[in-house]
Number of protein chains: 2
Amino acid sequence: MKLTSSIQAFVLHFGEMGSRWGINRTVGQIYALLYLSKDPLNAEQITDTLGVSRSNVSMGLKELQSWRLVRLQHFPGDRRDYFSTPEDVLEIALTLVEERRKRELDPTLTLLRQTLMEPATDQDEQHAHERMGQMCELMEQVSQWSHDLQKLSPKELQRLLMLGSAVPKLLQMKDKLSLVGARSKPHRENSPD
Amino acid sequence: MKLTSSIQAFVLHFGEMGSRWGINRTVGQIYALLYLSKDPLNAEQITDTLGVSRSNVSMGLKELQSWRLVRLQHFPGDRRDYFSTPEDVLEIALTLVEERRKRELDPTLTLLRQTLMEPATDQDEQHAHERMGQMCELMEQVSQWSHDLQKLSPKELQRLLMLGSAVPKLLQMKDKLSLVGARSKPHRENSPD
DNA sequence: TCGTAATTTCAGTAATTACTGAAATGTATT
DNA sequence: AATACATTTCAGTAATTACTGAAATTACGA
């Protein structure tokens, strides 16, 4: 793929942002390239375009696959692997949310749950456990949000995104309506599926 | 501060997760310690507890301040700096969302807006610009969400968190209501402030 | 303004992470 | 089963990031 100046700028930028996003430069650049490319690319094409080693591209593609951010496909009469990104940016974002939850939240959630099983032994630990409990509760909720997001249809997601700060207004509306057929405080506002 | 086994486990865990969260081990450990501590701590106490160099703690605290994740305070008759984290985990989470937006989204958004000002020169670039446009739009929306979140009261935030997958149901409700006093499709569902 | 305590800076070094090239492994074709 | 092509693995090296200790700076009280 030809690197016009604006495409190159984007690719280099993704390389630089990589470290902030928890991936390395090459992985960032590979992703940027695949994201912009009209057609799927094979490893050799990526190698040539980016000017990095073939093995580096191989490792980068494996990493991107572990994030479920690229798709592997084949063409008849060609046994090389071709890679592409999903068309839909919302789908991409959803994958990103899910994978970051797994990597950045779940391990801590596991530790917190384990730790909170044991009773606190002294004063300091008492307080520490309270704090861990608060963090745990919040992380559970965020984690649940992430799971719930995955279930939404693209349409619903798109609407949710556009809502923005209008959400609290919706909540107010809901309150007014609830006054009619009111039940006593439910712990969680989801009705069980 | 005494490191009981569960406190130590938490501190070490935060150190290890640091690299995934975009901070280094020491910064993670310092934060964990401050988060769990009942009272504010000064740099020397942190140094002693973690067994790292005084200068490392100094740099770590600066980093945490740049994230706005710790607060500096003083006690009468003591000129050392004492650090603590906010009580409210929701407030902490909000700060985190805001700072990550600044660091992980805004630079890319800036690049995309700049790039999309220029017209595409050829076929490949044409397609690339369309893709950049899609990404830009999505990032604008996510960025706006982040901004909007900052404006919510703790109460509203708490309710929003508990909503989870019930949000689409709310959307449906809204649709039904909107049928009454319906306007023609607004581009964004927020009413301007 | 001098002395002392606290903090920051920074050059040097340690530790970690990223990348390369060569060799090994896998896979389809003849 | 031999060949050709594609991909992966991995040891060695390069590059980056993290950490330390000493020196410099800052802030305050005498």
Side-chain angles (χ1 to χ4, degrees), chain A residues 11-34 40-67 69-84 103-104, chain B residues 11-34 40-67 69-84 103-104:
Chain A
V11 168
L12 294 179
H13 176 84
F14 261 56
E16 282 155 16
M17 291 299 287
S19 53
R20 298 197 191 188
W21 295 336
I23 56 179
N24 67 40
R25 180 171 50 218
T26 308
V27 172
Q29 292 185 353
I30 294 173
Y31 184 79
L33 201 57
L34 291 175
L41 301 175
N42 65 42
E44 202 194 343
Q45 293 173 309
I46 297 170
T47 301
D48 293 345
T49 310
L50 297 182
V52 297
S53 73
R54 179 65 182 73
S55 53
N56 198 6
V57 170
S58 176
M59 291 186 297
L61 287 168
K62 263 193 102 182
E63 169 91 357
L64 285 172
Q65 282 176 287
S66 85
W67 279 87
L69 284 172
V70 295
R71 284 176 179 164
L72 172 58
Q73 60 195 292
H74 289 104
F75 292 100
D78 186 341
R79 52 196 178 89
R80 287 170 293 185
D81 295 340
Y82 282 81
F83 297 89
S84 62
R103 292 156 198 249
E104 300 181 8
Chain B
V11 168
L12 294 178
H13 176 82
F14 261 57
E16 283 155 15
M17 292 299 286
S19 54
R20 299 196 190 190
W21 296 336
I23 55 179
N24 67 41
R25 179 170 52 215
T26 307
V27 172
Q29 291 184 355
I30 294 173
Y31 184 80
L33 201 57
L34 291 175
L41 302 175
N42 64 42
E44 201 193 343
Q45 294 173 309
I46 297 170
T47 301
D48 294 344
T49 310
L50 297 183
V52 296
S53 73
R54 179 66 183 71
S55 55
N56 198 6
V57 170
S58 177
M59 292 186 296
L61 287 168
K62 262 193 104 180
E63 169 91 357
L64 286 171
Q65 283 176 286
S66 85
W67 279 89
L69 284 171
V70 296
R71 285 177 178 166
L72 171 59
Q73 60 195 291
H74 289 104
F75 292 100
D78 186 341
R79 52 198 179 88
R80 286 170 293 186
D81 295 340
Y82 284 80
F83 298 89
S84 62
R103 292 155 199 250
E104 301 182 8

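Throughout, a chain's letter reflects where its sequence line sits, starting with A, and its residues are numbered from 1.
Side-chain contact between B:Val11 and B:Ile30 is absent, with no heavy-atom pair separated by less than 4.5 Å.
Partners of B:Ser58 under the side-chain hydrogen bond (donor to acceptor under 3.5 Å, both in side chains) rule, at least two apart in sequence or in another chain, do not exist in this structure. In this structure B:Trp21 satisfies the side-chain hydrogen bond (donor to acceptor under 3.5 Å, both in side chains) test with no other residue, sequence neighbours excluded.
Here the P atom of nucleotide C:dT17 and the CZ atom of B:Arg20 are 11 Å apart, to the nearest Å. We find that CZ of B:Phe83 is positioned 9 Å from C1' of C:dT7, with the value rounded to whole Å. The distance between atom CD of A:Glu63 and atom P of D:dT8, rounded to the nearest whole Å, is 14 Å. In this structure, CG of B:Leu61 is placed 16 Å from P of D:dA18, rounded to the nearest angstrom. Remark: P of C:dT7 and CG of B:Leu64 are 15 Å apart, rounded to the nearest angstrom. Nucleotide D:dA15 holds its C1' atom 12 Å from the CG atom of A:Asn24, rounded to whole Å. We find that CD of A:Gln29 is positioned 13 Å from P of C:dA18, with the value rounded to whole Å. The nearest whole Å value for the distance from the NE2 atom in A:His74 to the P atom in C:dT27 is 11 Å.
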Polar atom pairs (N or O), protein with nucleotides 20-23 of chain D, under 3.5 Å:
unit_1: D:dT20; atom_1: OP2; unit_2: B:Ser53; atom_2: N; d: 2.8
unit_1: D:dT20; atom_1: OP2; unit_2: B:Ser53; atom_2: OG; d: 3.0
unit_1: D:dT20; atom_1: OP2; unit_2: B:Asn56; atom_2: ND2; d: 3.0
unit_1: D:dG21; atom_1: N7; unit_2: B:Ser55; atom_2: OG; d: 3.1
unit_1: D:dG21; atom_1: O6; unit_2: B:Ser55; atom_2: OG; d: 2.7

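Taking CZ from B:Arg103 and CZ from A:Arg20, the interatomic distance works out to 7.5 Å, rounded to the nearest 0.5 Å. To the nearest 0.5 angstrom, A:Glu63 atom CD is 7.0 Å from A:Asn24 atom CG. Distance CZ/B:Arg25 to CE/B:Met17: 15.0 Å, rounded to 0.5 Å. Between atom CG of residue B:Leu61 and atom CZ of residue B:Phe83 there is a gap of 4.5 Å, rounded to the nearest 0.5 Å. Within the model, atoms OH of A:Tyr31 and CD1 of A:Ile23 stand 9.5 Å from one another, a figure rounded to the nearest 0.5 Å.
When heavy atoms are screened at a 4.0 angstrom cut-off, B:Arg79 is found touching base atoms of the nucleic acid. Among the heavy atoms of the strands lying under 4.0 Å from A:Asp81 are primed sugar atoms or P, OP1, OP2 only; no base atom is included.
For the helix from C:dT1-D:dA30 to C:dT30-D:dA1, the axis fitted to the five pairs at one end and the axis fitted to the five pairs at the other end meet at an angle of 20° (nearest 10 degrees).
Legend: salt bridge (Lys or Arg N to Asp or Glu O under 4.0 Å) pairs involving residues 70-81 of chain A, not counting sequence neighbours, sorted by first then second residue: A:Glu44-A:Arg80, A:Arg71-A:Glu91, A:Asp78-A:Arg80. Within the structure, side chain to side chain donor-acceptor pair (under 3.5 Å) pairs that include any residue of residues 45-54 of chain A comprise A:Ser53-A:Ser55 (at least two apart or interchain).
Remark: B:Asn42 is not in phosphate contact with C:dA6, judged by side-chain N or O atoms under 4.0 Å from OP1 or OP2. Contact annotation: B:Lys62 side-chain N/O to C:dT9 OP1/OP2 distance is under 4.0 Å.
DNA chain D is contacted by both A:Arg25 and A:Arg80; A:Arg80 maps to the nucleotide lying nearer its 5′ end (nearest heavy atom per residue).
Distances from the side chain of A:Ser58 to the nucleotides C:dT9, D:dC19, D:dT7 place D:dT7 closest. Of the candidates C:dA6, C:dT7, C:dT9, C:dT7 carries the atom nearest the B:Ala43 side chain, counting heavy atoms from C-beta on.
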